[in-house]
Amino acid sequence: MNPSIIGQMAVSGALMGLVYALIAYGFQLTYATSKSINFGQGELVMISAFFSLTLTNLGLPYWAMVPGGLLFGAVMGLVVERAGVRLALEQKSEGWILLTIIIGLFFFSTAENIWGRDDRPFPTPISADPIHIFGVDVTRLELAVAVGVLGIMGLIELFKRRTLLGKAFEAVSADRDAAELMGISATRTVMLSYGLSGAVAALAGILVSPITTVGPTMASAIILKAFSVAVVAGLDSGFGVVLIGMFLGALESLSSFYLGSGWREAPGLILLILALAVRPTGVFGKAVIRKV
Amino acid sequence: MLQVEDLYAGYGASEVLTGTTLSVKKGTLVALIGANGAGKTTTMRAISGGLKPSKGKVVLDGKEVQGLDASRIARLGLAHSPEGRKVFGPLSVEDNLLLGAYSRLPRFFGFHAKAQADLDRVYDLFPKLKERHKQAAGTLSGGEQQMLAIGRALMARPKVMLLDEPSMGLAPVIVQEVFRTIRRLKEEGITLLLVEQFAKSALEVADYAYVMERGRIAVEGTPAELSRNERVIAAYLG
């Protein structure tokens with residue numbers, strides 16, 4: 001085995017893994033405030049990517065398209081919250097699971113009807129030429145993924161720590177009823193978390209599309225691995241999803257290289273099963289201790 | 001300042017409150033005492049909106065607030081320091097206090113500067129909190145968490161403050177400290193509704209008191225009157 005090939009595979013896999021991490025981070029945002037997640041998040045990634053592609057085709061430059069795509073993702077996140085989550089949560093039911101899956105299917109058929117079933121290239125001004133860093137070749141596209149993912153996660157974490165609205169977000173996550181007593185509207189905070197989660201999913205779509213192409217099923221494999229990352233890392237550690245996401249990305253690129261591309265999905269699923277068996281709260285998750 | 005009229009509330013099909021009526025005048029300290037399960041905490045929750053009353057009225061500063069969301073009632077000037085303190089464990093002491101003033105502060109920047117005077121006032125009242133302002137609230141002792149819960153409610157500059165079982169689970173020395181604090185709040189003219197299991201201590205600080213039994217007010221009066229009432233003495237002061 002050639003160590004430089006291993007390094008090369010691991011690094012580009014890890015950079016792709018950051019996309020899983022970003023989507024998993026979106027799950028964490030909504031789970032924190034409402035103990036619910038959007039099971040149609042993959043379709044949200046896909047439909048936001050299509051929308052961004054349309055913006056590009058309309059002649060919008062890349063840097064104007066990105067905020068437009070994020071805004072679209074945020075609005076779609078709010079739609080999911082309003083149509084699929086809020087009513088179920090108000091009735092303390094688990095109905096949001098089914099409802100979010102259904103909204104995902106709705107997004108899927110909408111996308112098929114508007115944009116068709118074919119995979120399409122996603123143009124980007126960022127070049128795919130490799131640059132040589134520390135003995136491995138990394139494309140600018142892959143670097144853009146890393147910068148985008150870590151950048152937006154950093155911004156959101158900064159928002160949570162430095163602004164009063166962000167602290168209120170944390171307060172609702174810690175104790176929803178007590179936060180209400182402070183005058184913080186839990187409903188609005190849950191909306192905010194779904195909006196952020198949608199924007200984050202849209203960014204994941206925009207970042208990954210130039211590499212994977214855009215199509216109705218573009219996110220179905222990605223979303224499974226994002227789920228794995230979220231479960232393995234735990235649903236409350238942003239740092240954890242980055243680490244586990246990069247680890248899983250590297251692992252799957254190595255296994256598809258050495259074992260054959262059919263084994264690409266295996267590591268994520270094995271990790272998921274292991275995590276559920278050994279540490280259901282996630283590697284970085286906090287075990288919930290209930291005081292009696 | 002706060003009137004509760006013929007309030008009915010409960011959990012699911014079981015009504016806990018069956019026609020509670022009480023009132024708290026501006027600048028007074030009113031105590032609500034009674035046995036466990038009489039409905040004291042339920043009354044507090046029904047007032048602050050954590051529980052929607054099925055019938056009756058809650059009037060805060062002349063405005064009917066029953067049925068509104070808890071966050072809305074809080075913004076209208078009611079601060080509720082809940083049973084079990086409910087501080088935000090992962091957040092720092094100072095963040096907990098800042099969130100107490102949430103409805104008055106700008107959401108993004110400059111909130112700290114705007115809250116400084118209130119922070120100083122709370123730190124002056126509870127120097128321990130100043131020492132630990134950066135510490136996660138969940139790591140404080142029970143007594144310190146109670147001080148934080150009271151301080152957090154004060155940050156709102158409330159028209160009425162509800163204080164539910166502030167002595168619960170605390171060592172006797174700390175309980176005395178809590179009552180010293182309550183006395184000080186009263187001297188500052190804060191309008192307070194206090195729920196307490198230590199009926200004797202509560203009556204010592206209160207201007208007026210209600211005794212609750214099975215979801216409604218059984219006896220009411222000034223502490224002096226209640227201390228002469230044989231039923232009250234037998235059940236709560238003996």
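Letters go in sequence order (proteins before strands), and every chain restarts at 1. Bear in mind that the values here come from a model prediction, so they are computed numbers and not experimental data. What's counted below: heavy atoms across the whole structure, side chains too, no hydrogens, waters or symmetry copies.
- More than 12 heavy atoms of other residues, nucleotides or ligands lie within 6.0 Å of OH in A:Tyr62, so this atom counts as buried by the packing criterion.
- Only the side chain of B:Phe111 comes within less than 4.5 Å of a heavy atom of chain A; its backbone N, CA, C and O stay farther away.
- Remark: B:Lys26 NZ is loosely packed, at most 12 non-hydrogen atoms of other residues, nucleotides or ligands lying under 6.0 Å away.
- Side chains of A:Val172 and B:Phe88 form no contact here, defined as non-hydrogen atoms less than 4.5 Å apart.
- For the pair A:Leu164 and B:Leu99, the minimum side-chain heavy-atom distance is below 4.5 Å.
- More than 12 heavy atoms of other residues, nucleotides or ligands lie within 6.0 Å of NZ in B:Lys186, so this atom counts as buried by the packing criterion.
- Other residues, nucleotides and ligands contribute over 12 non-hydrogen atoms within 6.0 Å of the CZ atom of B:Phe126.
- Of the residues considered (A:Glu170, A:Arg162, A:Glu180, A:Arg161), A:Glu180 shows the highest number of contacts with chain B, using heavy-atom pairs under 4.5 Å.
- For the pair B:Asp69 and A:Ser185, the minimum side-chain heavy-atom distance is 4.5 Å or more.
- When each of B:Arg72, B:Arg152, B:Met155, B:His112 is checked for heavy-atom pairs under 4.5 Å with chain A, B:Arg152 comes out on top.
- Note: A:Ala171 leads A:Ala186, A:Ala171, A:Ala178, A:Ala179 in heavy-atom pairs under 4.5 Å with chain B.
- A distance of 5.0 Å separates CG of A:Leu165 from OH of B:Tyr102, quoted to the nearest 0.5 Å.
- Minimum interatomic distance between A:Met182 and B:Ala74 (heavy atoms only, all atoms of both residues): C-CB, 4.1 Å.
- A:Phe106 CZ: 12 or fewer foreign heavy atoms inside a 6.0 Å radius.
- Residues A:Asp175 and B:Lys86 share a closest heavy-atom pair of OD2-CD, 3.2 Å.
- Atom OH of B:Tyr11 sits in a crowded spot, with more than 12 heavy atoms from other residues, nucleotides or ligands closer than 6.0 Å.
- For B:Leu91, the part lying under 4.5 angstrom from a heavy atom of chain A is the side chain only.
- More than 12 heavy atoms of other residues, nucleotides or ligands sit less than 6.0 Å from atom NZ of A:Lys35.
- A:Lys167 and B:Asp95 are joined by a salt bridge, as a carboxylate oxygen and a charged side-chain nitrogen come within less than 4.0 angstrom of each other.
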